[in-house]
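Read through the structure below, which is laid out as structure tokens, and then see the notes.
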Amino acid sequence: MKDNNITGFFEKFIKKDSIFKEKRVLQSNYSPDNIPHRENEINHIAQIIAPALKLDKPSNLFVYGKTGTGKTLSVKYTTNKIMEVAKDKKIPIKVFYINCKLKKVADTEYRLIAELARKLGKSIPATGLPTEEVYKIFYNSVDKEKTLLVIILDEIDQLIKKAGDEILYNLTRINEDLDNSIITLIGISNDLVFVDNIDPRVKSSLSEEEIVFPPYNALQIQSILTERIKKAFKEDIIEQGLIEKCAAYAAREHGDARRALELIRVAGEIAEREGKQNVVIKHLDKAEAKIERDRIQDIVCSQPKQFQATLYAILKLNKERNDSILTGEVYEIYKKICSNVGLRPLTQRRISDVIAELDMSGIITAKVTSKGRYGRTREISMSVPSHIKDKINKILAEGLGLA
DNA sequence: GTCAATTCACATGAAAGAGACCACGGTCTAGTG
DNA sequence: CTAGACCGTGGTCTCTTTCATGTGAATTGACGA
């Protein structure tokens, strides 16, 4: 009986008309055939890496811009095109794309080099070898390849922040030792100021050329949305004015096109689940709330126990009082929670860092302020609406075994 | 009233340790011819 | 004789602790008007 119900549901599901034509188009890893409003940047990139086709070393390139401004897309697009030409003319060019933000892939020197070597077909263990050794393996295999290698390092700021700028120095220097191959680096970064903090030597060799991607304005986002929506949804699904609202929302968030696309995709999914045949503003609002909720829930669930305990302490204090919370207070409560749960309490030093990290993930807001005679501390507050707070509270209580 | 010194309550840095993982090479053991 | 099991060594990585140093403004107290 029950089974029949489910089967029936699935069958109906298949028959039911989807409002999507091709949902893939709205997903963040989709790369469209043309990239509107980025012609200048793409041309610029093309000019810079074009010498590769004559096997001259292209200048190292540095690309900046906020998230969702099409940096990665443009770089990938241009390098793909150049690869097509290269393949046609049998020019030995290789392009490696590495996202430095992905944990466990390329967030340390060792892992980055190991990943590069792996892409050259070498098998490198995840750990256990001296970094020096991995360098040698990488270096030898590049030299044997007799190729022009373009390495794209996406979110390079994350790598530098975690592993220092020595890597870049070494990578740029490797070139001088290679006899048969050439390496060119393309760095992509969200962080506009991070270059100021790296070693000047590295800076000058790495950013021989720089391109800045300005944020999209609302009109540009609108046209991007319109184009993708045309491909993704069937006709007459999207309500009048929805695109405008979505674009306005994304423009407010520093012109993040990725966000706008996600918003409209989720709105579509919600509408579909409700069995509606068109997407209206109401769905957009729901989508916005859902994205935020999912994001926070993800963050909270994936935190280690110690972070959860700290967050729980903050939440507890936040519930009791309305004014801002101080580090010392959090630490006291945190210690109590630890003894309740049977967790070994960490030092205040560590908790200070934990709080800073929670701030980074956006779930709390912590600002360092000086209270004059009464010291210097972080003022902490929750940066989420209260109905989500309750939810977090529940998740944490469960996760910590306090429920 | 003004101004520099003081002081608080942490923030922030640096270094180093602990424990988990892992590869490599050498040694031991048991099975095979 | 050889394949496989089993150490010990040396390496990375992450999370912490320990020790040291830094910091911004309310408060204090001396000083001069």
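Chain identifiers are assigned alphabetically (A, B, ...) following the order of the sequence lines, protein sequences preceding nucleic acid strands; residue numbering begins at 1 within each chain.
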Quick one: do Arg111(A) and Glu115(A) make a salt bridge, cutoff under 4.0 Å?
no
Does NZ belonging to Lys231(A) count more than 12 external heavy atoms closer than 6.0 Å?
yes
Please report, rounded to the nearest Å, how far the P atom of dC10(B) is from the OH atom of Tyr331(A).
12 Å
Expressed in angstrom and rounded to an integer, what is the separation of Ile325(A) atom CD1 from dA9(B) atom P?
18 Å
Contacting residues from residues 296-308 of chain A, given that a heavy atom lies under 4.0 angstrom of DNA chain B
none
Taking all non-hydrogen atoms of both residues, which atom of Cys246(A) and which atom of Leu284(A) are closest, and how far apart?
N-CD2, 3.9 Å
Does NZ in Lys389(A) sit with more than 12 non-hydrogen atoms of other residues, nucleotides or ligands closer than 6.0 Å?
yes
Decide whether Glu155(A) and Asn190(A) meet the rule of one side-chain donor and one side-chain acceptor closer than 3.5 Å.
yes
Whole-Å distance, Arg349(A) CZ to dA9(B) P, equals 19 Å
Within less than 4.0 Å of OP1 or OP2 of dC15(C), is there a side-chain N or O belonging to Arg344(A)?
no
Taking five pairs at each terminus, the helix from dG1(B)-dC31(C) to dG31(B)-dC1(C) shows an axis bend, to 10°, of 10°
Check the distance between dC10(B)'s P and Asp353(A)'s CG and give it to me in whole angstrom.
15 Å
So, OP1 or OP2 of dC10(B): does either fall under 4.0 Å of a side-chain N or O from Thr327(A)?
no
Nearest whole Å is fine: how far is dA11(B) P from Glu379(A) CD?
12 Å
Between Glu262(A) and Lys290(A), is the closest basic N to carboxylate O distance under 4.0 Å?
no
Under 3.5 Å donor-acceptor pairs involving side-chain atoms of residues 82-98 of chain A, not counting sequence neighbours:
from, atom 1, to, atom 2, distance (Å)
Lys94(A), NZ, Glu145(A), OE1, 2.6
Tyr97(A), OH, Asp154(A), OD2, 2.4

Is it the case that over 12 heavy atoms from other parts of the model lie below 6.0 angstrom from the NZ atom of Lys119(A)?
yes
Show each protein N/O and nucleotides 3-7 of chain B N/O combination with a separation under 3.5 Å, one pair to a line.
from, atom 1, to, atom 2, distance (Å)
dT7(B), O3', Arg373(A), NH2, 3.0

On DNA chain C, more 5' by nearest nucleotide between Lys371(A) and Arg376(A) is Arg376(A)
Does OP1 or OP2 of dC15(C) have a side-chain N or O of Arg350(A) closer than 4.0 Å?
no
Looking only at heavy atoms, the pair that brings Arg258(A) and Gly68(A) closest together is NH2-N, 3.7 Å
With side chain to side chain contact (heavy atoms under 4.5 Å, CB included) as the test, would you mind laying out the steps for Glu274(A) and His283(A) before giving the verdict?
CA-CA 10 Å; Glu274(A) 287 181 0; His283(A) 296 133; 3.0 Å; yes
What closest approach, in Å, do Ala250(A) and Ile221(A) show between heavy atoms, and which atom pair accounts for it?
CB-CD1, 3.8 Å
So what does Ser352(A) touch, heavy atoms closer than 4.0 Å: a base, only the sugar-phosphate, or nothing?
base
Would you list the pairs meeting side-chain hydrogen bond (donor to acceptor under 3.5 Å, both in side chains) in which at least one residue belongs to residues 49-60 of chain A, sequence neighbours left out?
Lys57(A)-Asn60(A)
Under a 3.5 Å cutoff, is there a donor and acceptor pairing between the side chains of Ser352(A) and Arg378(A)?
yes
Between Gln348(A) (CD) and dA9(B) (C1'), how many Å, whole number?
8 Å
Sub-4.0 Å heavy-atom contacts from residues 360-368 of chain A onto DNA chain B, ordered by number:
Val368(A)
In whole angstroms, the gap separating C1' of dC22(B) from CZ of Arg111(A) amounts to 12 Å
Mark yes when over 12 heavy atoms from residues, nucleotides or ligands other than Lys245(A) sit less than 6.0 Å from its NZ; otherwise mark no.
yes
Separation of Ile351(A) atom CD1 from dT12(B) atom P, in whole Å?
15 Å
